[in-house]
Amino acid sequence: MPEPAPNAANGARPDTRVPKRQVVLYPDPVLRRKAQPVKTVDSSIRELVEDMFLLMDLEEGAGLAAPQVGESLRIFVTGTHERGVPRKAYINPVFVELGGEFESMDEGCLSLPEIRGSVRRPTQVTIRALDIDGREFTETSSDFSARVWQHEFDHLEGVLIIDKMSPLDRLRVRRAVKDLKAAADGDA
Ligand code: ZN
């Protein structure tokens, strides 16, 4: 999920590391697959998580899920200083509670460039996951984090914002979705 606003000037760290992976774009089939649980949080998983953080920063995302870098595993990372979303990895996440009011908000997705639309989600969320040391933790949020968690969790289920957008927005982005498909066909 991209950051809510472009942040050109701030937070420009001189990071010279180059990610090993790339952000996968719709309609790549990996985005539609249900991701597999992580069996052991080992060095290969930590390497993947590092790469995901690197890509999220490069692409100025607020979150990134493993299927979006071509790995069908139940992992996502978050982090944006702008909206107070902690820099964190969530491995094998589950929702303990999804409650509160439903709220509509415009969302974008790094795998669906140029596409944004209104998505309704619950605002009070408790999540349980493993951290990069394989330790279980539980977190509750009623802030922007709650939305990012749900967006990224959807990726682990093969669900995208174009599935959840308001009908009007779905109609509005139809052309852009078609263009993405055409671009992928052109590559093949
Ligand atoms: Zn996304």
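Note that this is a predicted model, so its numbers are computed, not measured. Nothing fancy with the numbering, it's 1 onward along the sequence. Just so you know, ligand 1 is whichever comes first in the structure, and atom 1 is the first atom listed for that ligand.
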In chain order, what residues pass the salt bridge (Lys or Arg N to Asp or Glu O under 4.0 Å) check against [X], with sequence neighbours excluded?
X: Glu107; value: Arg121, Arg147
X: Glu157; value: Lys34, Arg74
X: Asp106; value: none

Crowding at CZ, Arg174 (>12 non-hydrogen neighbours, <6.0 Å):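 No - once you tally the heavy atoms of other residues, nucleotides and ligands closer than 6.0 Å, there are 12 at most.
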Enclosure of Gln22 CD (heavy-atom neighbours >12, cutoff 6.0 Å): no
Residue-atom pairs from the protein, N, O or S only, that lie under 2.8 Å from the Zn ion (ligand 1): Cys109 SG, His151 NE2, His155 NE2
Donor-acceptor contact below 3.5 Å, side chain Ser111 vs main chain Val24: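 Between the backbone of Val24 and the side chain of Ser111 there is a qualifying donor-acceptor contact (under 3.5 Å).
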